[in-house]
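Notes follow once the structure below has been shown.
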Amino acid sequence: MFALVDCNSFYASCEQVFRPDLRGKPVVVLSNNDGFVVARSAEAKALGIPDLVPFFKIEGQLKRYGVTVFSSNYALYGDLSRRVVDTLKGFASDVEVYSIDEVFLTPWTPDGDVKQFGHTLKRAVWKNVRIPVGVGMAPTKTLAKLANRAAKKIGALQGVCILERDNQREWLLRKVPTKDIWGVGGRYAKRLAELGIHSGWELACADPKRIRRHFGVTLERTLMELRGVSCLELEEMPSPKQQIYCTRSFGEKAHTLEPILEATALYASRAGEKLRAQQQLATSMHVFLQTSPFDSNPYSDAAVIQLPYPTDDSRILVRYAQYAVTKLYKEGFSFLKSGVGLLELSAKELLQRDLFSEGQPLRSTKLMTVMDKINQEFGRGTVYVAAEGTRKKWRMRQSHKSRRTTTAWAELPIVRC
DNA sequence: TCTGGGGTCCTAGGACCC
DNA sequence: TCTGGGGTCCTAGGACCC
């Protein structure tokens, strides 16, 4: 049996935690650069505000409806997410943190009352963190996802749905269109429809071999999971990352090389920070630079470069990223976005040093450790590589950002008596 | 004017090996 | 006239996820 705990409208709910005046009111949260609506409170959904709609297209509408708008505040969401996970760990020993707002776990119910267990989880998270969640339970992860969806959609279930008996499973699967199933995206849904498969039930009843032939082994597994045959295990130990990316759109378009060099330097050193947090070294680097894809004359290019030796030194990452992006740059375009990816990662302690080639000197490691420590203690960006520049006009737009209430001393809430 | 930022897995096809 | 068979590794691209 798998349980999936999924936070309701997570980012919007986070914003409401420290703004209780906004409970029961329409709230939306925007993506980086205030680009899209990425989270909507139940009230905002009820107003018919669609998901992933460009902000500029509905800004007027939001104002008219009196919707409160927030830029995304990942420091806050990450911290509240950690608290939700900590709470859940008190009720189950096997826990998989699947995403910032979803946790799979094995229900622990010595008395056999699964439903009661679901409600216990829900109440505990609300009590400790003030985040509303839904709980779905079923014999496979894919079905637990569906159960969770039902828990939120069907009011009578009060946020907890157990999908155990075959007749319940069939009832739900007959109602679910394929595109709402975990592992089936828009493309597959369309191709499935061409084969006459429209509902979850029709997919579950299809011939596995035929599905495998048309779509590959991944969708065949999904099919089996819908039948109640578990193919996906709980993954408690997150496997080390295979690539680390830092990419971002600029707050304003860049017509010269200078802001691009600065932004790319920042992305490289942020990627380095993540790399060091995982105790890994990178062997090669992927760098790209692009205009807006909506430009009349869009342009983009990318390069993969070998680093001189496996490294986690931000100074080296920045130097190589800047070198690459200089090569990619072309006069006459207005660039919108660049990014740095670190590839061929290896665990730092397992590194095989090559007898005949240079390796990362010890003082690099020492310097980076000190840098990370200072930034951890006093806030990100206290010490940084000078190549990032000081004015940072290209920084992303975040016109509606809330405070980092739980992670920055300077932004603690103020209580007036 | 304004359109996100991360990730993963799988497959097909080419190069190369004996 | 007749031209093998099996394997590995790598990469790019396509699909998916939140």
Side-chain angles (χ1 to χ4, degrees), chain A residues 4-11 28-39 50-60 62 69-74 77-78 81 96-104 141-142 145 148-149 178-192 211-222 225 231-232 235 238-253 263 266-267 270-271 273-275 278 284 286 288 290-296 298 302 304 334 336-345 396-400:
Chain A
L4 173 65
V5 181
D6 187 317
C7 302
N8 302 351
S9 317
F10 183 56
Y11 295 173
V28 302
V29 179
L30 306 177
S31 65
N32 281 346
N33 265 314
D34 294 345
F36 294 89
V37 171
V38 291
D51 199 15
L52 296 178
V53 63
F55 178 47
F56 74 89
K57 284 193 179 164
I58 55 156
E59 195 171 356
L62 295 177
V69 176
F70 289 96
S71 303
S72 34
N73 181 349
Y74 291 104
Y77 311 152
S81 169
E96 172 187 346
V97 180
Y98 177 67
S99 75
I100 195 164
D101 68 339
E102 283 170 272
V103 175
F104 282 106
K141 280 178 147 184
T142 307
K145 274 275 205 185
N148 190 287
R149 182 171 169 275
T178 52
K179 73 162 180 359
D180 289 344
I181 292 166
W182 192 38
V184 183
R187 303 278 166 98
Y188 281 180
K190 216 172 152 195
R191 281 169 53 198
L192 282 168
I211 293 300
R212 186 184 192 130
R213 214 170 46 239
H214 280 92
F215 301 90
V217 67
T218 320
L219 199 64
E220 186 193 17
R221 279 203 280 258
T222 300
E225 286 242 321
C231 306
L232 305 169
E235 291 170 28
S239 39
K241 294 253 187 301
Q242 300 178 34
Q243 359 172 311
I244 291 176
Y245 270 84
C246 182
T247 89
R248 225 160 275 163
S249 299
F250 313 136
E252 54 183 57
K253 287 183 177 170
L266 171 68
Y267 305 159
R270 277 289 298 126
E273 237 175 274
K274 295 185 202 172
L275 185 68
Q278 316 234 5
S284 61
H286 177 211
F288 70 82
Q290 49 188 235
T291 64
S292 163
F294 302 98
D295 267 7
S296 52
V304 173
S334 42
L336 181 71
K337 180 175 179 179
S338 74
V340 174
L342 303 179
L343 314 172
E344 296 181 82
L345 309 185
M396 61 180 173
R397 289 185 302 276
Q398 289 188 307
S399 322
H400 310 277

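Worth knowing before you read on, the calculation uses all heavy atoms, side chains too, and leaves out hydrogens, waters and symmetry mates. Every chain is numbered from 1, with letters handed out A, B, ... down the list of sequences.
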Quick one: label [X] by what it contacts on the DNA or RNA (base, sugar-phosphate, nothing), any heavy atom closer than 4.0 Å.
X         : result
Leu343(A) : nothing
Lys57(A)  : nothing
Lys179(A) : nothing
Glu102(A) : sugar-phosphate
Phe215(A) : nothing
Asp34(A)  : nothing
Tyr245(A) : sugar-phosphate
Leu30(A)  : nothing
Arg270(A) : nothing
Gly186(A) : sugar-phosphate
Lys190(A) : nothing
Phe55(A)  : nothing
Val53(A)  : nothing

- Message: Using the C1' atom as the point on both nucleotides, what is the distance between dC17(C) and dG4(B), in whole Å?
- Response: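 After rounding to an integer number of Å, I get 15 Å for this pair.
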Looking at [X] and [Y], would you say the former's side chain and the latter's main chain have a donor-acceptor pair under 3.5 Å?
X         : Y         : answer
Asp101(A) : Phe10(A)  : no
Ser72(A)  : Tyr74(A)  : no
Arg397(A) : Gly251(A) : yes

Flag the pair Lys141(A) and Glu96(A) as a salt bridge only when some basic side-chain nitrogen lies within less than 4.0 angstrom of an acidic carboxylate oxygen.
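Salt bridge: yes.
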_For Tyr77(A) and Tyr11(A), take the angle between the two ring planes, folded into 0 to 90°, and tell me which bin it lands in: parallel under 30, tilted 30 to 60, perpendicular over 60._
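Geometry flag for Tyr11(A) against Tyr77(A): parallel rings.
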Might you point out which heavy atoms bring Ser31(A) and Gly35(A) nearest each other, and give the distance in Å?
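Closest approach of Ser31(A) to Gly35(A), heavy atoms only: OG-N, 3.3 Å.
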Using a 3.5 Å limit for the pairing distances, which stems of at least 3 consecutive Watson-Crick or G-U wobble pairs does DNA chain C take part in?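 Stem segments, range with range: B:5-18 with C:5-18.
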Going 5' to 3' along DNA chain C, between which two nucleotides do contacts with chain A fall, using a heavy-atom cut-off of 4.0 Å?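 That gives a stretch of dA15(C) to dC18(C).
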Could you go through the side chain to side chain contact (heavy atoms under 4.5 Å, CB included) check for Leu192(A) and Phe215(A) one step at a time?
CA-CA 9 Å; Leu192(A) 282 168; Phe215(A) 301 90; 3.7 Å; yes
Requested in this report: On DNA chain B, check which nucleotide each of Tyr74(A) and Val217(A) is closest to and give me the residue with the more 5' one.
Outcome: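 So the residue in question is Tyr74(A).
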Query raised in the report: When you match Lys337(A) and Lys241(A) each to their closest nucleotide on DNA chain B, which lands nearer the 5' end?
Result: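 Counting from the 5' end, the first nearest nucleotide belongs to Lys337(A).
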Run the side-chain contact (heavy atoms from CB on, under 4.5 Å) test against Gln242(A) and tell me which residues pass, sequence neighbours left out.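 Not a single residue meets the side-chain contact (heavy atoms from CB on, under 4.5 Å) criterion with Gln242(A).
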- Query: What's the verdict on side chain to side chain contact (heavy atoms under 4.5 Å, CB included) for Tyr245(A) and Leu343(A), showing C-alpha distance, side-chain angles and the deciding distance?
  - Reply: CA-CA 9 Å; Tyr245(A) 270 84; Leu343(A) 314 172; 4.1 Å; yes
Discussion item. If I take atom CG from residue Leu232(A) and atom OG1 from residue Thr218(A), how far apart are they, to the nearest 0.5 angstrom?
Written reply: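 If I round to the nearest 0.5 Å, the distance is 9.5 Å.
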